[in-house]
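This report concerns only the one structure given below.
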2 protein chains.
Amino acid sequence: MAMKKISQAELSVMEVLWMQSPQPASDIARKLAAQKRWNIKTVKTLLSRLVDKNALSTTKDGRRFLYAPLISREIYARKAARTLSDRLFGGRATPLVAHLAEGRGLSDEDIADLEKLLSDLKREGLNNER
Amino acid sequence: MAMKKISQAELSVMEVLWMQSPQPASDIARKLAAQKRWNIKTVKTLLSRLVDKNALSTTKDGRRFLYAPLISREIYARKAARTLSDRLFGGRATPLVAHLAEGRGLSDEDIADLEKLLSDLKREGLNNER
DNA sequence: GCCCTTTGATTACAAGTGTAGTCATATTGT
DNA sequence: ACAATATGACTACACTTGTAATCAAAGGGC
């Protein structure tokens, strides 16, 4: 049942549905219109393809459909992060963060957040120990 | 001169050239043969496309070409990390790392590395201050 | 000198993607 | 009731990607 790959354009549609769901195509198209200049037909094509790919479920609502994600943003994001990290950073988080830091720089807040995350992770590690 | 998108298969070719360059197609194909079962024709197609995309330069060496990357792995990796981070994590490093941590878990070494990176970043911040 | 191999150039071709258009039907406003 | 509109199903079509094959010229082995 391995989920097929979601394309760039399709991902934009997923984002709208991850923010709220279920929604009919018309609403999705309206929200997307802010960023992309897509004809509603285009949005509908993308929706159909996502349904084919088992990324969305549909429920009938009168003569139209309501769409909802079948994969969570969490899972998708995790997979994408994993893939990138494996592919370009040998699966290590540090070089990835280092690359992000370079050029853009991490804010003080980012650094504080990361430190907190790390201390939480260490605490977990200890718990698993015994 | 915006660099065109490098595809998955093309990226594998880039990896070989990032490890060593310049190289002729035959060498590249031989090295790739370890992972992918690609006909040398396939490798040559990918090389041509990468040249078209301005991702590789060529220099004549007798009757063949030597290929070399026009973008560094560093830059490419940074851009990819940036894109993913912007697209799925609102540009923040922390949720990205958190996602990586979840499910796979960061090793003690990863955590130590990250802590070192963070303290280096803080030191830099101080230096910039004055 | 001639055949086999290597190489670049060109071409192939199906699947996936971006971006719609057409057609038939159901719905709604007047 | 009828025209304009919305909607789903299907179709279109150029471009990209994965994965080669063909063709012609150039070199290399014997």
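Chain letters run A, B, ... following the sequence lines, proteins first and then strands; every chain starts at 1.
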With a 3.5 Å cut-off and no angle check, do the side chains of T58(A) and R64(A) form a donor-acceptor pair? no

Tell me the interatomic distance from K5(B), atom NZ, to dC15(D), atom P, rounded to whole angstroms. 18 Å

Could you state the NZ-P distance from K44(A) to dT5(D), rounded to the nearest angstrom? 15 Å

With sugar-phosphate meaning primed atoms plus P, OP1 and OP2, does K60(A) contact a base, only sugar-phosphate, or nothing at under 4.0 Å between heavy atoms? nothing

Without decimals, in angstroms, what is the distance between M14(A) CE and dT17(C) P? 14 Å

From the set dG18(D), dT7(D), dA9(C), return the single nucleotide nearest to any side-chain atom of A9(B). dG18(D)

Assign each of G62(A) and R49(B) the nucleotide of DNA chain C bearing its closest heavy atom; nearer the 5' end lies the nucleotide of R49(B)

Write down the distance between CG (D27(A)) and P (dT7(D)), rounded to a whole number of angstrom. 9 Å

If we ignore hydrogens and angles and just use 3.5 Å, is the side chain of D52(A) paired with the main-chain N or O of R49(A) as donor and acceptor? no

Using whole Å, what does the distance between atom P of nucleotide dT19(C) and atom CZ of R37(A) come to? 12 Å

Shortest side-chain distance from E10(A), nucleotide among dG8(D), dG8(C), dT17(C): dT17(C)

State which of dG8(D), dG18(C), dG21(C) makes the closest approach to the side chain of S7(A). dG18(C)

Integer-rounded Å distance: dG18(D) P and L11(B) CG: 10 Å

Output the rounded distance in Å from CD (Q8(B)) to P (dT19(D)). 11 Å

Give one of base, sugar-phosphate or nothing for T42(A), where a contact means two heavy atoms less than 4.0 Å apart. base

Reckon W38(B) has a side-chain N or O less than 4.0 Å from the OP1 or OP2 of dT19(D)? yes

Is the phosphate of dT17(D), meaning OP1 or OP2, less than 4.0 Å from a side-chain N or O of K53(B)? yes

Check if the side chain of K41(B) and the base of dT22(D) share a donor-acceptor pair of N or O atoms closer than 3.5 Å. yes

Without decimals, in angstroms, what is the distance between I40(B) CD1 and dT22(D) C1'? 16 Å

R63(A) or L46(A): which one's nearest nucleotide on DNA chain C is closer to the 5' end? L46(A)

Would you say the side-chain atoms of R73(A) pair up with the backbone N or O of L88(B), donor to acceptor, closer than 3.5 Å? yes

Between D27(A) and R30(A), does any NZ, NE, NH1 or NH2 come within less than 4.0 Å of an OD or OE carboxylate oxygen? yes

Does E10(A) pair with K4(A) as a salt bridge, N-O distance under 4.0 Å? no

Determine the contact category for T45(A): base if any of its heavy atoms lies under 4.0 Å from a base atom, sugar-phosphate if only primed atoms, P, OP1 or OP2 are that close, otherwise nothing. base

